[in-house]
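Right, one structure below, let's go through it.
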Amino acid sequence: MVKFTVIGSNTSKDLARRIARRLRATYIETQTKIFPDGESKITFGRIPKNNIILVVQSTYPPVDTNLLQILAIISQARKTCSRIYAIIPYMGYARQDKQFLSGEVVTMSIVAKMLEASGARKIFVVDIHSKTALNHFKIPTENISAVPELAKYFKRMKLKNMLVVSPDIGGSLRAKKFASLLNTDFITLKKSRDRKTGKIQIKSSKVDVKGRDLVVVDDIISTGGSIVKATQFLKKQKCKRVFVACTHGLFIGDAERKIKKAGVSQIISSNTIPKSTSKIDVSGVIARSIQ
Ligand code: R5P
């Protein structure tokens with residue numbers, strides 16, 4: 001029988017503990033000290049031999065620090081075990097998966113090389129921004145979907161006359177899947193983002209949302225700009241309430257306040273990033289993908 005050891009790192013200790021419990025795995029927690037100059041000092045106990053080691057660490061801000069920490073943990077674990085899987089529920093840099101403007105560095109490809117070089121044998125992520133990011137890896141990768149878990153939450157809410165909304169064309173398939181799990185329909189807004197200034201605009205004209213409860217589904221909420229613009233547009237079209245479901249709630253700065261101010265009734269995210277909105281536990285879908 002395969003034996004697992006889960007190493008819970010700085011950003012994802014609670015999630016790692018939950019995954020370990022589900023897999024009946026040995027659980028090891030790292031201790032991390034950040035020196036005044038920003039360097040991380042990581043310590044963890046002896047890991048059992050002949051186990052598959054799962055290192056769990058989302059790389060949300062501070063992205064570079066948290067990325068370096070998982071690289072260091074994998075390298076150290078590699079001294080004892082050869083089968084090391086990196087579980088990176090939220091993968092930072094996934095939005096830099098291709099060159100959008102001339103001269104841009106495709107940093108996702110560097111991240112992939114570093115994870116491979118550290119000794120990871122396989123990478124697991126949750127709802128990665130785009131599968132293009134995973135094409136940079138030469139080792140196997142798996143993208144786990146949190147959408148069914150998010151949908152279950154909204155099913156329990158029993159919203160009447162619900163309509164699912166994707167804030168942009170890139171998220172259309174996600175919204176379609178979410179809507180089908182809730183036996184309802186969906187629409188896709190046309191969003192544009194200025195690649196230089198970051199300015200977001202909703203380019204859609206009229207949509208038929210009058211009197212309906214809307215669930216806007218997205219993969220990431222970062223500055224909240226996309227959700228704020230989508231909500232303002234939908235409210236102008238006389239919808240009833242707006243709810244938001246997302247996998248990764250980064251909520252940079254006062255994103256959450258801005259979203260609420262725009263009129264969103266509730267924001268639900270998953271525990272790939274631990275926040276007050278993280279009502280959806282992804283440990284079950286992760287454990288099932290690994291077994
Ligand atoms: C973009 O295509 C993504 O799916 C998200 O909509 C985006 O990353 C959210 O960023 P922000 O909250 O800063 O608008």
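Remember, it's 1-based here, ligands and their atoms both numbered in the order they're listed.
Shown in contact with His129 at under 4.0 Å from a heavy atom are these atoms of ligand 1, numbered in order with element: 1 (C), 2 (O), 3 (C), 4 (O). Atoms of ligand 1 found under 4.0 Å from any heavy atom of Gly224 (numbered from 1 in listed order, with element): 11 (P), 12 (O), 13 (O). Using a 4.0 Å cut-off to heavy atoms of Ile221, the atoms of ligand 1 that qualify are 12 (O). Those atoms of ligand 1 that come under 4.0 Å of a heavy atom in Ile200, given as number and element, are 14 (O).
Looking only at heavy atoms of the protein, atom 10 (O) of ligand 1 is closest to Arg193 NH2, 3.4 Å. Closest protein heavy atom to atom 8 (O) of ligand 1: Arg95 NH1, 2.8 Å. Ile220 O, 3.3 Å is the protein heavy atom nearest to atom 9 (C) of ligand 1. Considering only non-hydrogen protein atoms, atom 4 (O) of ligand 1 sits nearest to Asp219 OD1, 2.6 Å. Atom 6 (O) of ligand 1 has as its closest protein heavy atom Asp218 OD2, 2.6 Å. Counting only heavy atoms of the protein, atom 14 (O) of ligand 1 lies nearest to Ser226 OG, 2.6 Å.
Checked against salt bridge (Lys or Arg N to Asp or Glu O under 4.0 Å), Arg83 has no partners two or more places apart in sequence or in another chain.
The closest approach between Lys229 and ligand 1 stays at or above 4.0 Å for every heavy atom of the residue. Contact between Gly170 and ligand 1 is absent, with no heavy atom of the residue lying under 4.0 Å from the ligand.
The residues Asp254 and Lys261 are annotated as not salt-bridged, no charged nitrogen and carboxylate oxygen being separated by less than 4.0 angstrom. Checked for salt-bridge contact, Asp194 and Lys199 miss the test: no charged N lies under 4.0 Å from a carboxylate O.
Counting heavy atoms closer than 4.0 Å to ligand 1, residue Thr223 contributes atoms from both its backbone and its side chain. At a 4.0 Å heavy-atom cut-off, ligand 1 touches Asp168 through the side chain alone. When non-hydrogen atoms are compared, ligand 1 lies under 4.0 Å from neither the backbone nor the side chain of His248.
A side-chain donor from one of Ser145 and Lys177 sits under 3.5 Å from a side-chain acceptor of the other. Residues Asp219 and Tyr90 bring no donor and acceptor atom of their side chains to less than 3.5 Å of each other. When only modelled atom types and interatomic distance are considered, Lys275 and Ser269 share no side-chain donor-acceptor pair under 3.5 Å. In the model, Thr43 has no side-chain atom that pairs as donor or acceptor with a side-chain atom of Gln31 under 3.5 Å.
Shortest non-hydrogen contact noted between Glu256 and Thr277 is OE2-CG2, 3.8 Å.
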Do any side-chain atoms of residues 155-163 form donor-acceptor pairs under 3.5 angstrom with protein atoms, and if so which ones, sequence neighbours left out?
from   : atom 1 : to     : atom 2 : distance (Å)
Lys155 : NZ     : Leu181 : O      : 3.4
Asn161 : OD1    : Arg212 : NE     : 3.2

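Formation of a donor-acceptor pair under 3.5 Å by the Glu149 side chain with backbone atoms of Ile280 is not found in this model.
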